Amino acid sequence: SELGPPGWREPLDCVRASELCNQNSQCSSRYRIMRQCLSGGDRERSAMLASKECQGALEVLQDSPLYDCRCKRGMKKELQCLQNYWSIHMGLTEGEEFYETSPYEPIHFSEEFRHASIISDPSLSKMSPCSEAGKPCNPCLDAAKACNLNETCKRLRSAYNSICSKALPPQPSLANQEPCSRKRCQKALRQFFERVPWELSYPLLFCSCPDQACAERRRHTIVPSCSHQERHKPNCLELRHTCRSDALCRSRLADFHMNCQMTPHTVTSCPRDNYHGCLMSYVGLIGSDVTPNYSDSSPSNITIGLWCSCRSAGSQERQCDAFHRDFTHNSCLKNAIQSFGYGSEGGTLAATEPSSTFLPPARPPIISKPAPPLHGDAIKPMDSACMFSTCANLQDGGQKCVPSDEFECEEALLVQGSIDSQD
Amino acid sequence: RRPKPCSLRELELTVSELGLGYDSDETVMLRYCSGKCAAQRHNYDIAMQHMARAGFRKRGRKDKVSNGPCCRPTAFEKDFSFLDNRSRYHTIHNVSAKHCGC
Amino acid sequence: RRPKPCSLRELELTVSELGLGYDSDETVMLRYCSGKCAAQRHNYDIAMQHMARAGFRKRGRKDKVSNGPCCRPTAFEKDFSFLDNRSRYHTIHNVSAKHCGC
Amino acid sequence: FPQNEYTETVHVGQPAGTAVLQLHAVLNSSAERPHFYLCWGSSFRRLVYSSWFHLDVLTGVLSLNKSLEESDFALLNQHSWSVKKLHLQAVALSNFSRKAPCVPRVSARITLDFVNATLPQCAQTDLKELCFPHRDTSNPHIMENRFPGPIRQLRRLTRTNVCPNYTVSYNVESETPVPFAVNGSTAELVVTARLDREESERYRLLLVCTVRTETLITKMETSLDVFVNDEDDNAPYVNGTDTADVIISFNRTKGGTFGSVSVFDRDLTPIYPIDQSHNKYVGTLLSSDPWVKDTFDIKSTFSETTAAHGGIRETVRDYQLVLKRNLWVTENRSVQLDFLVNDTTYPGLEATVLLHFNVTVLPVDIRFANVTHGFSLSRRASDYAQVGRVCVENCQQLDGVRVTYRLEVPDRNASADAQACHAAISVAQAPDEMWALLYVNDSGALLRPECQDLQYVVVVREEHAQLEASAHVHVRLEGEAHRAAQESQQFPSCALNRRRGECEPVRGLGATTGRCQWRQGVEKGISEDYSTCSPDLRTCPDSFCDAVESKDVSICPQDCTKETVTGGHERGLRNGIQAGYGTCYCYSEKCFCEKEDVEEVMCDDVC
């Protein structure tokens with residue numbers, strides 16, 4: 001049943017979509033039913049959703065603008081928009097999807113982002129000692145200097161720093177008392193990244209580091225001891241559950257999964273090679289229950305992680321590992337950080353080169369073996385299979401391929417002649 | 001050259017250069033007050049200048065007095081936080097002037 | 001002897017002794033402000049003290065800056081009128097302090 | 001489903017009826033028959049490609065319902081011109097059903113890469129492609145104790161007719177004997193026996209694919225990990241003793257934990273989700289004695305360990321006795337507590353374990369270890385100078401006991417003068433401390449010649465039982481008395497002084513020797529060893545605002561100030577200055593820390 005004038009269906013933001021729905025009696029009544037269907041806990045929700053009434057409500061709502069509405073980052077009433085989005089999409093996906101569709105509008109790779117690597121910004125490149133050989137080089141310190149010289153950046157950085165580094169006096173009566181007021185700290189961090197232009201905030205987070213001191217400064221940027229570290233590491237799935245019970249956190253996590261999901265057959269292994277989108281959704285997680293951070297201060301090898309573990313995950317250990325590996329072993333995220341950071345390594349990403357979708361930086365990020373150009377033979381088979389061939393007339397005693405933990409073995413040397421004759 | 005009136009000035013320097021004892025290479029835009037407050041003097045100041053030169057000594061008084069308003073901050077910028085060279089956060093209050101006055 | 005904090009003090013003297021140029025033997029209770037303002041200093045003052053010593057010179061700046069709040073009147077007594085020695089009336093404004101502060 | 005993700009590639013030009021992949025279901029019993037359905041999740045009905053596929057109810061083979069055309073590819077509004085993703089969901093039911101809704105956590109997700117190109121001919125096909133599907137990352141998870149059977153189709157169904165004169169066969173290898181085999185005719189990987197997670201949590205298999213052409217035999221190998229999910233099929237057990245002997249004496253505070261008994265379970269206990277009904281333990285304190293119920297509780301914490309043999313994960317729970325209230329000093333009892341631990345989700349009989357706590361509560365004597373306490377004190381000591389500390393026996397271990405101290409004059413009918421002398425010393429105690437501090441309450445009295453050695457009785461009183469104990473205190477006064485009567489003076493704060501020369505000659509509040517003491521710091525930057533002027537370097541600064549210092553912030557502002565500190569510094573955890581730059585000095589509570597190497601310039605020299 002068509003619920004609005006023809007052409008009503010171009011994607012709206014979910015606040016507008018819900019207003020339109022509420023102006024239509026049929027839609028608004030189904031919308032109310034839908035919210036009741038989702039009000040119970042996980043267990044009752046599945047049963048409720050299977051009920052005739054809820055299924056009927058969903059049928060109607062799928063034809064309303066609420067079905068494919070989206071939200072914009074930093075829009076007015078962003079939280080209400082996200083709540084409206086989940087109020088219907090939690091019904092569509094019945095809850096526990098590993099990857100959920102992001103409520104945010106897709107992030108398009110902005111040319112301005114690619115050109116604006118630190119070296120091409122005159123006011124900063126003059127600041128960056130890295131461009132001068134022999135001088136001590138600390139891009140993270142340069143980023144802090146640049147921030148301190150900008151009023152908004154300085155004010156908001158000082159605001160979150162003073163909140164996050166203000167220790168709460170110990171109170172013996174409280175069992176596992178927080179070292180600081182985490183919620184206020186997280187809110188201040190979110191405000192910093194929402195209101196400070198990315199040209200000043202991203203370099204603080206994604207600066208590339210030649211040494212440990214620089215990497216230690218980078219790791220401390222978001223005051224980890226207060227913003228996300230707790231005395232006992234929670235289980236990663238528990239962290240995800242806490243996040244998904246908050247509309248904002250759930251949206252930012254879905255956005256991260258969507259924009260940083262490792263995608264084969266791309267150079268950066270990011271969806272559509274849009275590493276800006278990955279960085280943006282990574283930053284969107286900072287100040288939420290699932291705040292990611294550098295897990296150590298090694299300058300060269302970037303390792304990102306969450307403050308959680310998969311111990312005592314029982315049979316869900318695999319799912320727990322898989323969730324955490326999207327942060328710890330994410331080549332798209334790693335490439336995105338290195339691509340942004342190396343922009344500050346002086347001269348590697350010359351903005352003036354003939355434009356092409358993406359210029360690989362000087363030190364190639366960790367890329368899965370470049371996939372062959374796409375033509376008839378679309379997808380290469382398992383990259384990790386070992387292949388041994390012997391002549392058909394010999395004994396069938398090909399060499400053995402001993403399985404190892406990480407089963408990566410270089411392709412065995414093929415018996416010359418016997419295979420080549422085939423091509 | 002006529003002395004400039006009391007006004008806000010700024011200078012970019014590292015936190016270590018502030019001389020407060022913190023060891024950090026982060027930079028800060030230090031705003032300070034400098035300049036003359038001649039136009040804001042009162043009869044009181046003229047009397048104090050005269051008394052300081054002779055009057056007090058005649059009466060056996062050793063009080064030191066100010067003989068004119070000072071160019072001072074009338075408001076300070078918000079707290080300034082930074083990471084020191086050992087990656088620890090510090091916050092400094094009332095270090096940079098926001099407005100000046102006599 | 002420990003320097004006293006900033007406070008209001010008073011001295012009885014003739015109008016002529018004020019040094020404002022009036023010739024009158026009438027007496028006036030002159031109240032003035034004197035004493036230390038060390039307790040009211042801020043990080044700004046410590047930084048100014050450090051910069052005045054070395055920092056400014058290194059940056060080629062010659063600005064003179066105050067490195068601490070001054071003990072000054074924060075309010076003046078009402079105007080004071082008197083007859084000079086040639087029986088003419090005069091009124092002097094803001095010559096005697098009512099309150100002091102740093 | 002043994003795996004909840006299935007992936008495969010489909011190409012333009014593949015005809016209707018082409019087999020794409022095969023689903024499998026693990027059975028509870030040989031009598032069960034799985035029925036496979038593409039399930040109509042509420043969002044699925046709208047998907048344009050929902051009609052392109054058919055899932056055979058009995059074999060679980062997913063096949064094309066129509067030939068795939070380029071126009072079909074164009075229908076999908078995903079912005080990619082080469083590969084688009086199709087998402088399907090399937091459920092396995094134990095009987096026929098007309099409409100099968102997707103049930104979360106039970107349905108399998110099928111992701112097909114729809115390639116905008118025809119399937120390559122045999123000559124262009126890499127042999128590996130014939131053997132294994134593209135990057136199949138989903139490893140099978142099989143619930144233990146299930147009925148053996150097929151768990152995965154190894155053959156790449158979409159490629160079966162690409163090279164008709166090649167023969168493709170599979171077998172499975174492993175370093176150690178494993179309950180897996182390949183069905184030669186169907187090329188399905190089969191579990192040949194019921195699995196036991198407590199035997200092995202993971203099997204590392206090597207899948208070998210052999211492709212025979214006219215001239216060549218090619219073998220391709222890849223590893224496959226099969227994981228075994230846990231089921232509560234093990235009873236709890238105690239390894240060693242099921243009894244803990246507990247003696248409660250000094251530490252008798254609410255929340256205190258005592259003793260520990262461990263209960264093991266070879267099954268796993270997921271820490272999350274909490275309400276998970278897997279391996280759910282319930283404990284019951286078997287006692288009807290109200291005293292026991294009001295006084296004790298049992299607390300358990302669990303952690304995951306690995307068993308000695310085979311490194312298999314298992315659970316250990318530690319049970320501890322917890323005090324629900326402070327015990328009074330007079331309470332004196334012995335009792336045996338029995339605590340029944342029940343693994344409620346274990347189906348077998350021996351799901352419970354009985355633990356025992358033999359508890360002995362000893363009374364605590366409130367007394368002083370020494371009958372007399374001797375202290376010496378300079379007659380020039382200032383007000384609030386600390387004389388010494390008094391404490392009941394074992395006071396460092398005592399917890400949960402509230403005691404208060406007071407000083408009394410030994411001779412009740414002493415003269416007025418004697419009484420006045422005794423007013424010289426008083427006692428202070430911090431709210432959460434067990435000891436008390438003796439301090440100078442009236443420094444004037446110390447200087448009077450008639451006040452010789454001061455004798456006191458210190459009395460301690462336990463709040464609840466009103467028990468009291470006392471001891472003798474003798475304060476020997478050192479130094480010259482003064483003829484003239486001495487009124488108590490107004491002492492300034494030592495912390496005011498910024499240099500040794502100003503500090504050491506002057507008297508100050510709390511100065512035990514009568515003079516302030518200077519501490520010279522040596523370090524360059526901000527340091528805990530900052531220079532400062534103190535009434536007594538033994539107690540100030542020590543980052544602890546004690547019972548006497550907290551009586552007047554001017555005694556030791558370095559430890560007690562709550563105000564913002566100006567200059568380079570680091571705050572103490574509660575209050576005070578943890579570290580400072582150069583010299584730290586304070587005007588009452590307003591403290592500064594700065595380098596002290598220059599004469600202070602008067603402001604008007606500059607204005």
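A note on names: the letters A, B, ... follow the listed sequences, proteins ahead of strands, and every chain is numbered from 1. On a predicted model such as this, the values are computed, not experimentally measured, just so you know.
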A side-chain contact here means heavy atoms from C-beta on lying under 4.5 Å apart; do B:Glu26 and A:Leu141 qualify? yes
Does B:Glu77 pair with A:Lys154 as a salt bridge, N-O distance under 4.0 Å? yes
Within 6.0 angstrom of A:Lys233 NZ, more than 12 heavy atoms from elsewhere: yes
Check whether any side-chain heavy atom of B:Phe82 sits under 4.5 Å from a side-chain heavy atom of A:Asn161, and report yes or no. no
Supply the atom-to-atom distance A:Ser158 OG to B:Tyr89 OH, rounded to the nearest 0.5 angstrom. 10.0 Å
Can you tell which of B:Asn85, B:Ile92, B:Val28, B:Asp25 has the highest number of heavy-atom pairs within less than 4.5 Å of chain A? B:Asp25
Is the shortest side-chain N to carboxylate O distance from A:Glu151 to B:Arg31 below 4.0 Å? yes
Looking only at non-hydrogen atoms, find the nearest pair between B:Ser81 and A:Ser162 and report the distance. OG-N, 3.6 Å
B:Asp45: salt bridge (Lys or Arg N to Asp or Glu O under 4.0 Å) partners, not counting sequence neighbours: C:Arg72
Under a 4.5 Å heavy-atom cut-off, does chain A meet the side chain of B:Ser24, its backbone, both or neither? side chain
Is the closest side-chain heavy-atom distance between A:Arg157 and B:Leu83 below 4.5 Å? yes
Under 4.5 Å to a heavy atom of chain B? For A:Arg217 that would be both
Crowded around B:Arg59 CZ? As in, over 12 foreign heavy atoms under 6.0 Å? yes
Starting at OG of A:Ser165, measure out to CZ of B:Arg88 and round the result to the nearest 0.5 Å. 11.5 Å
